[in-house]
Amino acid sequence: MDRKRIRKIAYGGILTALVLVATMFLQIPNGQGGYVNLGDGVIFASALILGPFAGVVGALGSMLSDLLLGYAQYAPATLVIKGLMGLVAGFLLKYGQKNRYFYTAFIFLVCEGIMVGGYFSFESILFGVPYALPNILPNLIQAIAGIAVGLASMPVVNKIFESEKFSI
């Protein structure tokens, strides 16, 4: 196995743990039985570092937090939704204009649309639309926080990973 592949797997493991920690411990209860967290921002930072492999990072880290926090009914949806967020962001950042601020912000916005729409659809099917509607606002707040953290991480990630020492 070559060094780049090993490095990518190692970064993936570390970032999966960071998504888990940011989702579990950097959270605010939303008053409706759920919580707003900063895990999305770490998924976006992962996309900047790992490209499409961030889909695995986002899916596993977020799903594990649902399981550990007692939201097992959300785990399958979270696996798909957060995995898609990381995959789409990583793919578009890898093959697009990675260092362009507004391009990156637009990608993060699209991915947060996946999150808000995905959870609304899931909750509508599982619990009904009357239950899902009030959860849109907390999900939008989480989306704003995720975009802010992802954009704030952009200069740091770009500076660290432009070095040959850390590049993948």
Side-chain angles (χ1 to χ4, degrees), residues 1-27 34-69 71-101 103-123 125-126 139-140 142-154 156-158 160-161 166-168:
M1 202 181 287
D2 64 39
R3 292 173 83 73
K4 286 189 177 207
R5 181 177 282 167
I6 292 169
R7 193 174 285 163
K8 186 177 235 179
I9 292 168
Y11 288 160
I14 292 166
L15 289 166
T16 298
L18 284 176
V19 169
L20 175 69
V21 167
T23 304
M24 286 184 70
F25 299 112
L26 302 177
Q27 60 175 262
Y35 56 92
V36 173
N37 65 73
L38 298 181
D40 291 2
V42 180
I43 293 171
F44 293 144
S46 301
L48 289 165
I49 297 166
L50 298 173
F53 190 61
V56 174
V57 168
L60 293 178
S62 299
M63 183 200 64
L64 285 171
S65 72
D66 277 352
L67 292 172
L68 293 171
L69 289 170
Y71 297 98
Q73 70 275 19
Y74 281 89
T78 296
L79 181 75
V80 172
I81 293 165
K82 301 295 181 161
L84 268 175
M85 286 174 62
L87 180 68
V88 168
F91 184 81
L92 293 175
L93 289 169
K94 182 173 181 170
Y95 298 108
Q97 301 169 333
K98 185 176 185 177
N99 295 325
R100 303 289 303 263
Y101 185 80
Y103 175 77
T104 304
F106 178 73
I107 290 169
F108 292 171
L109 183 65
V110 167
C111 291
E112 290 295 1
I114 292 170
M115 186 268 292
V116 173
Y119 281 118
F120 177 76
S121 299
F122 175 74
E123 290 172 342
I125 292 167
L126 200 61
N139 284 338
L140 288 172
Q142 180 169 314
I144 292 166
I147 292 168
V149 170
L151 291 175
S153 71
M154 196 173 143
V156 175
V157 167
N158 288 341
I160 292 171
F161 288 93
F166 294 104
S167 68
I168 300 176

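Nothing fancy with the numbering, it's 1 onward along the sequence. The model shown is predicted, which means the values in this text are computed figures rather than measured ones.
Side-chain contact check for F44 versus T104: every heavy-atom pair is 4.5 Å or farther apart. The shortest distance between side-chain heavy atoms of F108 and L93 falls below 4.5 Å. Proximity of D40 to V149: side-chain heavy atoms (C-beta onward) are nowhere separated by under 4.5 Å. Counting heavy atoms from C-beta on, the side chains of F120 and N139 never come closer than 4.5 Å.
The distance from atom CG of D66 to atom CE of M24, rounded to the nearest 0.5 Å, is 10.0 Å. Considering NZ of K8 and CG of L50, their distance stands at 6.5 Å, rounded to 0.5 Å. Atoms CG and OG1, on L18 and T23 in that order, are 10.0 Å from each other to the nearest 0.5 Å. Of the inter-residue distances, the one linking L92 atom CG with I107 atom CD1 reads 4.5 Å to the nearest 0.5 angstrom. The structure places CG of L84 at 11.5 Å from NZ of K82, a figure rounded to the nearest 0.5 Å. Separating the CD1 atom in I160 from the CG atom in L48 is a distance of 11.5 Å, to the nearest 0.5 Å.
The aromatic rings of Y74 and Y119 sit tilted relative to each other, their planes meeting at an angle between 30° and 60°.
Between V88 and C111, the shortest heavy-atom distance links the atoms CG1-SG, 3.9 Å. Nearest heavy-atom pair across V42 and V19 is CG1-CG2, 3.5 Å. The two residues G86 and A47 have their closest heavy-atom pair at O-CB, 4.3 Å. Closest non-hydrogen pair, V156 versus A152, comes out as CG2-O, 4.4 Å. Closest approach of I81 and G118 over heavy atoms only: CD1-C, 3.4 Å. Here the shortest heavy-atom pairing between K94 and P52 reads CD-CD, 3.7 Å.
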